[in-house]
There are 2 protein chains.
Amino acid sequence: MSARATKQKSVIREALEQAHRPLSPQEIYTEARQQVPTLSIATVYRVVRTLLSEKLIVPVAVPGESDRYETQLCAAHHHHHFCCNDCHRLFDIPGCGLQVAAQLPRGFSLSRHEVMLYGSCRDCRA
Amino acid sequence: MSARATKQKSVIREALEQAHRPLSPQEIYTEARQQVPTLSIATVYRVVRTLLSEKLIVPVAVPGESDRYETQLCAAHHHHHFCCNDCHRLFDIPGCGLQVAAQLPRGFSLSRHEVMLYGSCRDCRA
DNA sequence: CTGCGTGCAAATGCTTTGCAAAGAC
DNA sequence: GTCTTTGCAAAGCATTTGCACGCAG
């Protein structure tokens, strides 16, 4: 069995921990490459997949775009996301204004939920 | 200028209107093909893109899967979605338990939001 | 040393596009 | 008849995988 500590893996995890928003594989790649210039995009995908299966990160989907990922630690402080219609960046939004349990149809059981807000971010709101 | 009424286009729209949940391109293809067996998947993608730009349908994203689409009419009855962790189908959930406006950071403006619930559907909840 | 993890390049698989033929008006 | 839409096959792209080498333990 395995789990060797490599520079690539730690740099990728740091990138995810320090960005205060979910990152796409390309964003992770660009960021982590500054620390390990030989890093390949394939490794980013592989490490992301490992982290996902270890439940250390959580995927966030946006229509028409690559999935983003954020640390589970980050996700533990329950919050949601804002997606800018213009620059397409994601932002963290603290807290949660959702009350849903009551509306779930009979026979369904809930494990988690995700809220995505769409609009213009402070930079793009011309 | 254009917008010709073709059998393909109407069958695709019907499939979207009659499914009471968002459909993926493959689901649309499978469904619409029952009416027009010669239908090609390329046409599904083309019609979907047209409908999107006409704002007649709305995209719904799920991590790791193809986007789904639902009619704007359907989306007008404000509601949200449930994604089954097992069968990966989407279901419509009536209503909305969200109160968010107050939590939006300064400088951000909101245009719409999407709530995705995850769990087990009635069929998969063994 | 041993064998997991990485980089590279090839392979996938979903989505898009070019083009000639079919169909709408 | 004219011009849009379609089907098919090829092209694009993001993501995954095979393989040989490098590095962690």
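Only a predicted model underlies this, so the values are computations on that prediction, with no experimental measurement involved.
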Next on the checklist: Quick one, A:Leu117 and A:His80 - any side-chain contact, counting heavy atoms below 4.5 Å?
Outcome noted: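 A side-chain contact is absent here, since even the closest heavy-atom pair is not under 4.5 Å.
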Picking from [options], which would you name as closest to the side chain of [X]?
X: A:Thr43; options: C:dG7, C:dC4, C:dC25; result: C:dG7
X: A:Thr38; options: D:dT6, C:dG7, C:dT16; result: C:dG7
X: B:Val47; options: D:dT6, C:dC25, D:dA24; result: D:dT6

Checklist entry - Between the side-chain atoms of A:Arg46 and the base atoms of D:dG18, is any donor-acceptor pair under 3.5 Å? => result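 Checked by distance alone, the answer is yes.
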Can you tell me if [X] touches the phosphate of [N], counting only side-chain N or O atoms and a distance under 4.0 Å to OP1 or OP2?
X: B:Arg33; N: D:dG7; value: no
X: A:Arg4; N: D:dG22; value: no
X: A:Gln8; N: D:dC23; value: no

Next on the checklist: Is it the case that the ring center of A:Tyr118 lies less than 6.0 angstrom away from the ring center of A:Phe82?
Outcome noted: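 Distance test on ring centres: not under 6.0 Å, no.
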Next on the checklist: Between A:Glu70 and A:His79, is there a side-chain donor-acceptor contact under 3.5 Å, judged purely by atom types and distance?
Outcome noted: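 Side-chain D/A pair, A:His79 to A:Glu70: present.
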Next on the checklist: Expressed as a whole number of angstroms, how long is the span from A:Lys9:NZ to C:dC4:C1'?
Outcome noted: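 It works out to 8 Å between those atoms.
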Checklist entry - Where the side chain of A:Thr43 meets the backbone of A:Leu39, is there a donor-acceptor pair that is under 3.5 Å apart? => result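 Not at all, since once roles are kept as given, no pair shorter than 3.5 Å links the two residues.
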